[in-house]
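Below is one structure, written out as structure tokens; the observations come after it.
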Amino acid sequence: MTKKQLIFSIFSLFATLFLFVMVVYAWMPLIKETQKVVVVSGDVSGTADLYVGLDNNLDGILDQENGEDIYKYVSSDVTNNALVVSGKVLSYKFVVKNTGSVKSKVELGVSDVAGFVLIKIFAFENIRYCLDSEPDNIVEVEGGQYMPNLIKSDGSFKTPFFTYDGLAPGSTMTIFFQLSCLSLSKLISTYDDKVSSNFIQELNYQIYVEEHKEFKIEKMLVFFKSTY
């Protein structure tokens, strides 16, 4: 073997070793990355029961029996809930159970809204919830949800007015909320940043309410979504 061939053989050996080291180095981080992939298999399902609070004067303070607020089961189809009386409220609660095998995100929304012209004077307020594991720990959701933000121009669902992320399998939660027909003063003081100035300036509230008597939410919706 000539000197030239020897030098070439040594160079080839080192080049091969270098290439081997680089391939192994690149492969090891790839293994680390693939180890982070988590595959979750399970079903997402649930049940939801809707109740309306008994409130004779619609002031938001429910009638009671033995010191407990009275609710009546009405399913998820809401009818005859036309409410166009300034300052009056309807009270509801949803009892929601995760019957699936994985944690779920729970969302509440509305659809099939009639009397769309009146949405500017309605909001969901006093939204609270508790888990069955802590029934006395009622959590208040800050702020109200202004109706025009929740539905599309045809009265169909747009975005939820309540979201809870992480309801465990087999767990139940209760969500309380009120549908408020806003007085003009509350509309301006609470939702002024969401109401156009033209609407506030041009609105003769009493005439507006008298001219548009119909407002109905035909359906309240509950969505169960995987948290993964």
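Phe177 and Phe124 have perpendicular rings, their planes meeting at more than 60° on a 0 to 90° scale where under 30° would count as parallel.
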| Working for side-chain contact (heavy atoms from CB on, under 4.5 Å), residues Asn137 and Leu131 | CA-CA 8 Å; Asn137 182 25; Leu131 301 175; over 6 Å; no
| side-chain contact (heavy atoms from CB on, under 4.5 Å) between Cys181 and Ile121, intermediate numbers included | CA-CA 6 Å; Cys181 182; Ile121 62 172; 4.1 Å; yes
| field | side-chain contact (heavy atoms from CB on, under 4.5 Å) assessment of Leu182 paired with Glu125 | value | CA-CA 10 Å; Leu182 305 168; Glu125 300 187 308; 4.0 Å; yes
| Criterion side-chain contact (heavy atoms from CB on, under 4.5 Å) on Phe162 and Val222, from CA distance to verdict | CA-CA 10 Å; Phe162 172 84; Val222 180; over 6 Å; no
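Between Phe223 and Val106 there is no side-chain heavy-atom pair separated by less than 4.5 Å. The shortest side-chain heavy-atom distance between Leu108 and Met220 does not fall under the 4.5 Å cut-off. You'll find the side chain of Ser111 reaches within 4.5 Å of the side chain of Leu221, heavy atoms only. Considering only heavy atoms from C-beta on, Val110 comes within 4.5 Å of Ile151 through its side chain. Here the side chains of Val141 and Tyr129 are in contact, with some heavy-atom distance below 4.5 Å.
Shortest non-hydrogen contact noted between Tyr92 and Leu90 is OH-CD1, 3.6 Å. Residues Asp59 and Val89 approach most closely at C-CG2, 3.7 Å, considering heavy atoms.
A distance of 6.0 Å or more separates the ring centres of Phe122 and Tyr191.
Heavy atoms from other residues, nucleotides or ligands lying under 6.0 Å from CD1 of Ile61 number 12 at most. Taking a 6.0 Å sphere around NZ of Lys97, one finds it holds 12 or fewer heavy atoms contributed by other residues, nucleotides or ligands.
There is a side-chain donor-acceptor pair under 3.5 Å between Ser45 and Thr99.
At least one donor-acceptor pair closer than 3.5 Å links the side chain of Asn98 to the backbone N or O of Gly100. Under a 3.5 Å cut-off, the side chain of Gln178 and the backbone N or O of Gly60 do form a donor-acceptor pair.
A distance of 12.0 Å separates OG of Ser156 from CG of Leu150, quoted to the nearest 0.5 Å. For the atom pair Asp43 CG and Ser226 OG, the distance stands at 10.5 Å (nearest 0.5 Å).
Listed by first and then second residue, the salt bridge (Lys or Arg N to Asp or Glu O under 4.0 Å) pairs involving residues 166-176 amount to none (not counting sequence neighbours). For residues 126-142, no residue pair satisfies the salt bridge (Lys or Arg N to Asp or Glu O under 4.0 Å) rule, not counting sequence neighbours.
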Atom pairs and distances, side-chain donor-acceptor, residues 163-176, under 3.5 Å, sequence neighbours left out:
residue: Ser171; atom: OG; partner: Ala168; partner atom: O; Å: 3.4

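Under the side chain to side chain contact (heavy atoms under 4.5 Å, CB included) criterion, Leu62 pairs with Asp55, Asp69, Tyr71, Ser91, not counting sequence neighbours. Phe224 is linked by a ring pair (Phe, Tyr, Trp, His ring centres under 6.0 Å) to nothing, counting only residues two or more places apart in sequence or in another chain. Shown here are the salt bridge (Lys or Arg N to Asp or Glu O under 4.0 Å) partners of Lys225, two or more places apart in sequence or in another chain: Glu107.
Hydrophobic clustering keeps Val52 apart from Ile70 (ILVMFWY residues linked when any side-chain heavy atoms are closer than 4.5 Å, directly or through intermediates). With hydrophobic clusters built from ILVMFWY side chains whose heavy atoms lie under 4.5 angstrom apart, Leu54 does not share a cluster with Leu179.
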